[in-house]
Engineer: 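Sharing a structure below in structure tokens format, with a few things to ask.
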Amino acid sequence: MAFETLTDKFQSIFKKMRKEDKITEANMASAIREIRVALLEADVNFKVVKAFTEDVKTKALGQDVLAKVNPSEMLIKICHDELVELLGADNTDIKYEKGLTTIMMVGLQGSGKTTSTGKLSNLMKNKLKKKVLLAGLDVYRPAAIDQLGQIAKQLDVDFFEMGTNVNPVDVALKAKEKALAEGYDVLIMDTAGRLQIDEALMEELKTINKAVHPTEVLLLVDAAAGQDAVNVANTFNQDLRLTGVIMSKLDGDAKGGAALSIKYLTGLPIKFAGIGEKMSDLDIFYPSRMADRILGMGDVVTLVEKAKEAIDEKDAEKQARKMMDGDFDLNDLLKQMKMVQKIGSIGAIAKMIPGMPKLTDEQQDAAKREMKIFESVVNSMTPYERKHPDCLKFSRKNRVAKGCGLTNAEVNRVIRKWEQSKEMMKQMKQMQKSGKMPGGFGGFGGK
């Protein structure tokens, strides 16, 4: 995930500040130096770094702050507020019209714009409950229209195209006419990818813009492009009425500097963030939540939202009651495991939980292996054995191990996890009755 290194640096700075009794010019000068280096190493534009550190220093050394007894928490709050401003504050919402909202997607060739257009239509349809029409305006590449058509079919989103032997302006006008006549909430137009030096194609974009008057003109930029993403945004913004940015590949190993620089340098807020390859991997961008993640504060709100989207609430309640009553078998434990997998990877979930230590790649791989082993072992059991794990003696364990190509020791480890889970739930119930709650419990990846 982008910002990982920056998050580690911020956490280290805050840890040092916890040892201080109060904020002083001396300890703030040291902290500001470290923040400056961390931001520059994250490929944040130097102008942005200068403005950010000056604002943090000014607010931290204010008279009302000097009296505070917890300098670390105060510094975290100040950095959080400044990051939110840097990322766009409350300026990231789509401006929906009372009738039809028209969104024009633009970007460079090969940037993944068509795929992101599909992701946006999926988010609008399923999460925001909008009636969406996709329109293919890239008449120069037949494969682009075919690709968007296949994506629309896959997502069950309506699609409009007029082939390739046509003016894209006419396609845009006809698509808008259809969207208005048939009561669509959102029309998303996928235009042809541009080269920064392609003046003729940029003129075409300007003509489409003037003809259709879109509500939003969104530019797709790649988080991995670094400072070049800012240059791309400025180039497009000179000729078009850009209203915002979709930042792709924020799930990758990009340093994150582009995301922290683009609003300050171009005035364009990030409105959506690409976080993976799947069609569901596009999120509404919330500056406050992203600031939480950058500072290592987790993102519980997003985690809860993802859980609601991925898990059936009634089923989850039923499973929770069974677990709390200690009346659950291996089928139930496997079901719980699959529920967690629907939300995201173990590493991604851990990052959203405040105070959760960062999992190394090795730990995440180990957890994935344990989950696969657990599923393989359970699937090799008979229905009776899954419901009554206590019946699994040596001969049965031997048969299960051979059935899934694993060892008896691995079968034993699966059974032990079920036994440990039952014991934990029993303890949890006792603590609940006494008004106490456990500080946490183990998961996959342990022995």
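Worth knowing before you read on, the calculation uses all heavy atoms, side chains too, and leaves out hydrogens, waters and symmetry mates.
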Engineer: Start with the C-alpha distance between Phe272 and Leu218, add both sets of side-chain angles, then the distance that settles side chain to side chain contact (heavy atoms under 4.5 Å, CB included), and finish with yes or no.
Structural biologist: CA-CA 9 Å; Phe272 299 95; Leu218 301 180; 4.1 Å; yes
Engineer: Would you please test Thr5 and Glu41 for side chain to side chain contact (heavy atoms under 4.5 Å, CB included) and show each step?
Structural biologist: CA-CA 9 Å; Thr5 302; Glu41 288 180 350; 5.5 Å; no
Engineer: Going by salt bridge (charged side-chain N to carboxylate O under 4.0 Å, His left out), name the residues that satisfy it together with Asp222, two or more places apart in sequence or in a different chain.
Structural biologist: Lys249
Engineer: Counting only heavy atoms not in Lys131, do more than 12 sit closer than 6.0 Å to its NZ atom?
Structural biologist: yes
Engineer: Please walk me through it: do Glu54 and Lys57 pass salt bridge (charged side-chain N to carboxylate O under 4.0 Å, His left out)?
Structural biologist: CA-CA 5 Å; Glu54 286 180 354; Lys57 183 178 179 180; over 6 Å; no
Engineer: Working to the nearest 0.5 Å, report the span between CD1 of Ile94 and NZ of Lys271.
Structural biologist: 5.0 Å
Engineer: Return the minimal non-hydrogen interatomic distance between Leu250 and Ala273, and the atom names on each side.
Structural biologist: CD1-CB, 3.5 Å
Engineer: Between side-chain atoms of residues 78-86 and protein atoms elsewhere (two or more places apart, or another chain), which donor-acceptor pairs fall under 3.5 Å?
Structural biologist:
residue : atom : partner : partner atom : Å
His80   : NE2  : Ser288  : O            : 3.4
His80   : NE2  : Asp292  : OD1          : 2.7
Asp81   : OD2  : Lys77   : NZ           : 2.8
Glu82   : OE2  : Lys59   : NZ           : 2.4

Engineer: If you count every heavy atom of other residues, nucleotides or ligands that lies below 6.0 Å from Glu34 atom CD, does the total exceed 12?
Structural biologist: yes
Engineer: So, using side-chain hydrogen bond (donor to acceptor under 3.5 Å, both in side chains) as the criterion, who are the partners of Tyr184 when residues are at least two apart?
Structural biologist: Asp158
Engineer: Report, as yes or no, whether the 6.0 Å neighbourhood of atom CD on Gln11 holds more than 12 heavy atoms from other residues, nucleotides or ligands.
Structural biologist: yes
Engineer: How far apart are the closest heavy atoms of Lys113 and Asp190, and which atoms are they?
Structural biologist: NZ-OD1, 2.8 Å
Engineer: Decide yes or no on side chain to side chain contact (heavy atoms under 4.5 Å, CB included) for Phe236 and Met202, but give the supporting numbers first.
Structural biologist: CA-CA 8 Å; Phe236 275 84; Met202 192 63 81; 3.9 Å; yes
Engineer: Report the distance from atom CG of Leu240 to atom OG1 of Thr191, rounding to the nearest 0.5 Å.
Structural biologist: 8.5 Å
Engineer: What do you reckon, is NZ of Lys174 surrounded by more than 12 foreign heavy atoms closer than 6.0 Å?
Structural biologist: no
